[in-house]
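A short write-up of the structure that comes next.
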There are 2 protein chains.
Amino acid sequence: MRDFSRSLPMSLLRAREAVMRQFRPKLREHGLTEQQWRILRALAAIDAAEVTELARTAFLLGPSLSRILRDLEARNLIERKTAKSDQRRSMVSISKEGVKLMAAVAPSSEAIYAEITRRFGARKLAELQEMLGELELCLASTEASDVADEM
Amino acid sequence: MRDFSRSLPMSLLRAREAVMRQFRPKLREHGLTEQQWRILRALAAIDAAEVTELARTAFLLGPSLSRILRDLEARNLIERKTAKSDQRRSMVSISKEGVKLMAAVAPSSEAIYAEITRRFGARKLAELQEMLGELELCLASTEASDVADEM
DNA sequence: CGCATTCACTTAACATGTTAAGTATCTCTG
DNA sequence: CAGAGATACTTAACATGTTAAGTGAATGCG
């Protein structure tokens, strides 16, 4: 059987871990996990969003997001209000404190990202991300065809 | 700020998720999680290993591995015995049942991997893994230099 | 309208990720 | 050979991943 340490999932896992290892300590200094940081960043970019939309953007599953939003709200980093037109929906937005926290973390985060880019090479990094995007795309279509098969 | 949906960590996360989404259903049919499967594969390749060695091979942290081994042992998929020379160490190996289970899952797993390779292209896949390895390598050296800085 | 279905989210349950602390064993030094 | 420190795990505590089930609100259809 193929040496599993060289399998694609393992390669991706190790590469991602190598990258995140650079960020985690700094985020931790500010009491943020990787996922919480993702949510704040997503919210900072779009002002307000429904939970489902946020889940898609931050690439989190609903249940994870539900928990994290509860915690972030308790820490006053985000705000929620239920939409008037549809009581099921709740609009989430980043709070002033959230913005302040982001401002505190963003420089370090950018610096780390710049260092990674410098080490790996900007051109190579772009190539890598291009390939990752293609991989994602060519596998995403699997599900569509599977669904088609079942119809 | 850089659009975070196009950040390297997100690219890696989405790509990996796209890949694992192909495997998870089949593993689930056999009552295995991704990590349990990694451990069984690692063990099948090396006969017996110490826990620490296994953690490195399967890219799991000690505590996760500890729990998973407890569960796999309860299911009689692995066996352990403490080393005679060093009572702290325990040697882990795959059981007959474990081998049987692997034999049942491996064909599907290989088929899925082959399909991914076909879709993405064998050459491109090799290139991608090469780049991922380089990324891992150039970031791993960070820690060494950090340690050096502190000395 | 009535009511089954869908929808947007939340809760629940179990497994893993992550860091810190605990335990037993070993090793090395004085 | 005693006792400090290192080693190999394990346990604990908290956060997230993953799937299934639950809840309340909207929708569509007879």
Side-chain angles (χ1 to χ4, degrees), chain A residues 9 13-14 16-40 48-56 58-75 77-78 80-92, chain B residues 9 13-14 16-40 48-56 58-75 77-78 80-92:
Chain A
L13 180 58
R14 282 199 304 252
R16 184 173 145 78
E17 177 54 29
V19 171
M20 287 317 301
R21 202 193 306 279
Q22 315 294 316
F23 288 99
R24 260 191 285 266
K26 183 59 66 178
L27 291 178
R28 191 175 172 73
E29 279 178 23
H30 295 272
L32 287 174
T33 65
E34 179 194 334
Q35 292 82 357
Q36 292 167 348
W37 177 238
R38 283 219 300 272
I39 293 172
L40 290 183
E50 299 172 14
V51 173
T52 301
E53 182 189 357
L54 189 55
R56 193 173 37 73
F59 206 69
L60 293 169
L61 294 179
S64 294
L65 184 53
S66 226
R67 281 178 305 215
I68 299 173
L69 289 179
R70 168 168 47 73
D71 299 347
L72 290 178
E73 189 176 21
R75 287 169 63 183
L77 296 175
I78 65 162
R80 326 163 81 161
K81 42 188 171 184
T82 58
K84 289 164 195 166
S85 62
D86 186 340
Q87 302 286 349
R88 296 171 303 180
R89 291 173 155 79
S90 79
M91 303 302 292
V92 184
Chain B
L13 180 58
R14 282 199 304 250
R16 185 173 144 77
E17 179 53 29
V19 172
M20 286 317 302
R21 203 193 305 278
Q22 315 295 314
F23 288 99
R24 261 191 285 266
K26 184 58 68 176
L27 291 178
R28 190 174 173 76
E29 280 179 21
H30 294 273
L32 287 174
T33 66
E34 178 193 334
Q35 292 81 356
Q36 292 167 347
W37 177 237
R38 284 220 298 274
I39 293 172
L40 290 183
E50 299 171 14
V51 173
T52 302
E53 183 189 356
L54 189 54
R56 193 173 37 73
F59 207 70
L60 292 168
L61 294 179
S64 293
L65 184 54
S66 227
R67 282 177 304 215
I68 300 173
L69 289 180
R70 168 168 47 73
D71 298 348
L72 290 179
E73 190 177 19
R75 286 167 64 182
L77 296 175
I78 64 161
R80 325 163 81 162
K81 43 187 172 184
T82 59
K84 290 163 194 164
S85 62
D86 187 340
Q87 302 285 349
R88 293 170 306 181
R89 291 173 155 80
S90 79
M91 303 302 293
V92 185

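Throughout, protein chains are lettered first and strands after them, A, B, ... in sequence-line order, and every chain is numbered starting at 1.
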Under a 4.0 Å threshold between the charged nitrogen and the carboxylate oxygen, would Glu50(A) count as salt-bridged to Arg56(A)? no
Out of dG17(D), dT16(C), dT10(D), whichever nucleotide has its closest atom nearest the side chain of Thr33(B): dT16(C)
Contact check, side chains of Glu17(B) and Arg24(B), non-hydrogen atoms, under 4.5 Å: yes
What's the CZ-C1' distance between Arg75(B) and dC14(C), to the nearest Å? 13 Å
Asp86(A) CG - dT6(C) P separation (whole Å): 17 Å
The reported gap from CD1 in Ile39(A) to CD1 in Ile68(A) (rounded to nearest 0.5 angstrom) is 4.0 Å
Between C1' of dT10(D) and CD of Glu50(B), the distance in whole Å: 16 Å
Within this structure, what is the CG-to-C1' distance between Leu13(B) and dT16(D), rounded to whole angstrom? 12 Å
Please work out if Glu17(B) contacts a base, only the sugar-phosphate, or nothing of the nucleic acid, heavy-atom cut-off 4.0 Å. sugar-phosphate
Name of the residue among Arg28(A), Gln35(A), Glu29(A), Gln36(A) meeting side-chain contact (heavy atoms from CB on, under 4.5 Å) with Leu32(A): Gln36(A)
Distance (rounded to the nearest 0.5 Å) between Phe59(B) CZ and Arg14(A) CZ: 7.0 Å
Ser64(A) side chain: which of dA12(D), dT18(D), dT16(C) is closest? dT18(D)
Whole angstrom value for the distance that separates C1' of dG17(C) from CD1 of Ile68(B): 10 Å
Is the shortest side-chain N/O distance from Ser66(B) to OP1 or OP2 of dT10(D) below 4.0 Å? yes
CD1 (Ile78(A)) and CG (Asp71(A)) are apart, to the nearest 0.5 Å, by 9.5 Å
Would you tell me if any nitrogen or oxygen in the side chain of Thr52(B) comes within less than 4.0 Å of OP1 or OP2 on dC9(D)? yes
Assert: residue with more 5' nearest nucleotide on DNA chain D, out of Arg67(A) and Gln87(A), is Arg67(A)
Classify the side chain of Arg88(A) and the base of dC7(C) as holding, or not holding, a donor-acceptor pair under 3.5 Å. yes
Rounding to an integer number of Å, can you tell me how far Gln22(B) CD sits from dT18(D) P? 14 Å
Given that Asp71(B) and Gly62(A) both sit by DNA chain C, which one's nearest nucleotide is further toward the 5' end? Gly62(A)
Let's see if you can work this out: which of dG17(D), dC26(C), dC9(C) has an atom nearest to the side-chain heavy atoms of Arg89(A)? dC9(C)
Think Gln36(B) has a side-chain N or O under 4.0 angstrom from the OP1 or OP2 of dT16(C)? yes
Please state how far atom CD in Glu53(A) lies from atom P in dA8(C), giving the value in whole angstrom units. 12 Å
Is Arg24(B) side chain donor-acceptor paired with the dG17(D) base, going by distance under 3.5 Å alone? no
Select one nucleotide: of dA12(D), dG17(C), dG17(D), the one nearest the side-chain heavy atoms of Leu61(A). dG17(D)
N or O in side chain of Arg80(B) less than 4.0 angstrom from dT10(D) OP1/OP2: yes
Counting the atoms with a prime plus P, OP1 and OP2 as sugar-phosphate, which does Leu60(A) contact under 4.0 Å by heavy atoms, base, sugar-phosphate, or nothing? sugar-phosphate
Protein-nucleotide distance (Leu65(A), atom CG; dA12(C), atom P), rounded to Å: 17 Å
